[in-house]
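Residue indices begin at 1 and follow the sequence shown. Not measured: the values here are computed from a predicted model. Below, each value reflects all heavy atoms present in this structure, side chains not excepted, and no hydrogens, waters or symmetry copies.
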Amino acid sequence: MLFICNMEPLSEVLLGLIPAVASSAQNNGTCATNKWVVCAQDGSGNCTCTLVSSNRKVDCSTLTSECLLMKAEMIPLKEKRFWDHPCGLLDNDGIYNPDCENSGIFKARQCNQTDTCWCVNTAGVRRTKKGDKSLECSELVRTSWIYVELKHKKRSSSFDVPDLANALKHLFESDRNCTPGTLQPLSNDSPVIQIRLNQKTEKSRCDVDRADVAYYYFEKDVKDDSLFHSNSTLTISVNRDALDIEKITIYYVDE
């Protein structure tokens, strides 16, 4: 596993070039791909990066799995909820403290502190009714497509949706190193644009997770809550015209 302690922001460096950058990086205790990571050098000068509040090692040469990201993001929320709700954490379908496999993917069954459980897909989205700990989730179901609805600032002319899809495709292939499927423009009712990513029909679980994670990073960037250590502002250009996204909603569908 390769740990990188100092790299340029991924918005400026292609992910495919990361190994080359890593070879000349200075070990200054940062992880470019995950701000929720703590890095430290050992006696030999090697840098090991671990997720905050845990001993889970993180590979800073690629995007961190969504399950591990959600677990790290729960730390400040748990502290706030403890004081607001001292009797226990509230259950929330969108934000919860997930259980992750050793590989970093979601466990098929998730439970909260009140012993309420549910089944999730590879994006960690609930896909069944809630039950108790007797609930069985036989496998982690793969997402089949990702639906994106975004609203951009009003402009004199509408964006060409195929051009926008190509711009997003370039973003994921370069900065996110993700080529999992086909971006399909659905509609353009300016300033609202709808796009769907059709996932590969035959893929490993890792391929599915890569697409889910890439869009999770993208959503965080749009909402000015970047997961990258640099916390740099996301910029997207469509035929040299800036795409200023005001709102984004992403759905991860497995059926």
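The closest side-chain heavy-atom distance from T249 to Y251 is below 4.5 Å. A 4.5 Å side-chain heavy-atom check between R142 and S144 finds every atom pair outside the cut-off. The shortest side-chain heavy-atom distance between W36 and K71 does not fall under the 4.5 Å cut-off. Using a 4.5 Å cut-off on side-chain heavy atoms (C-beta onward), K133 and R109 make contact. For the pair L150/V222, no side-chain contact is recorded, criterion being any heavy-atom separation below 4.5 Å from C-beta on. Inter-residue side-chain proximity for Q184 and W145 is flagged as unmet; no heavy-atom pair is nearer than 4.5 Å. The shortest side-chain heavy-atom distance between L140 and E101 does not fall under the 4.5 Å cut-off. The side-chain heavy atoms of H229 and C31, taken from C-beta on, include no pair separated by under 4.5 Å.
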Steps toward disulfide (SG to SG under 2.5 Å) verdict (C49, C60): CA-CA 8 Å; C49 300; C60 295; 3.7 Å; no

Test log, rule disulfide (SG to SG under 2.5 Å), inputs C119 and C137: CA-CA 6 Å; C119 302; C137 305; 1.9 Å; yes

Pair V58-L51, side-chain contact (heavy atoms from CB on, under 4.5 Å): steps then yes or no: CA-CA 7 Å; V58 174; L51 200 67; 4.2 Å; yes

Worked verdict on F218 versus I236 for side-chain contact (heavy atoms from CB on, under 4.5 Å): CA-CA 11 Å; F218 177 53; I236 303 175; 3.7 Å; yes

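With 3.5 Å as the limit, one finds a donor-acceptor pair spanning the side chains of N112 and T114. At a cut-off of 3.5 Å, with distance as the only test, a side-chain donor of N34 or T64 sits close to an acceptor on the other residue. There is a side-chain donor-acceptor pair under 3.5 Å between Q194 and S187.
For the pair V52 and A72, the tightest heavy-atom approach, listed with the atom from each and the gap, is CG2-CB, 4.0 Å. Counting all heavy atoms, side chain and backbone alike, A167 lies closest to V238 at CB-CG2, 4.1 Å. P98 and F106 make their closest contact through CB-CE2, 3.8 Å (heavy atoms, listed as atom of the first residue, atom of the second, distance). Here the closest heavy-atom approach between residue I146 and residue A211 is recorded as CD1-O, 4.0 Å. Between R126 and K129 the shortest heavy-atom distance is NH1-CA, 4.0 Å.
Note that CG of L234 is 8.5 Å distant from CG of L243, once rounded to the nearest 0.5 Å. Interatomic distance, CG of D221 versus CG of L171, reported as 8.0 Å (0.5 Å rounding). Note that OG of S226 and NZ of K220 are 10.0 Å apart. Values are rounded to the nearest 0.5 Å. Interatomic distance, N239 CG to D160 CG, rounded to the nearest 0.5 Å: 7.5 Å. Atoms OG1 and OH, from T116 and Y96 in turn, are 13.5 Å apart once rounded to the nearest 0.5 Å. To the nearest 0.5 Å, atoms CD (E66) and CG (L227) are separated by 9.5 Å.
Ring geometry, Y217 versus F228: the interplanar angle falls from 30° to 60°, so the pair is classed tilted.
Using a 4.0 Å cut-off between a side-chain N of Lys or Arg and a carboxylate O of Asp or Glu, D225 and K35 qualify as a salt bridge.
In this structure a side-chain-to-backbone donor-acceptor pair under 3.5 Å is present from T33 to T62.
By the criterion of side-chain heavy atoms lying less than 4.5 angstrom apart, applied directly or through intervening Ile, Leu, Val, Met, Phe, Trp or Tyr residues, I248 is grouped together with L197 in one hydrophobic cluster. Residue L135 is not grouped with residue V120 when hydrophobic side chains (ILVMFWY) are merged at heavy-atom distances under 4.5 angstrom, including chains of intermediate members.
F159 pairs by the ring pair (Phe, Tyr, Trp, His ring centres under 6.0 Å) definition with H152, not counting sequence neighbours.
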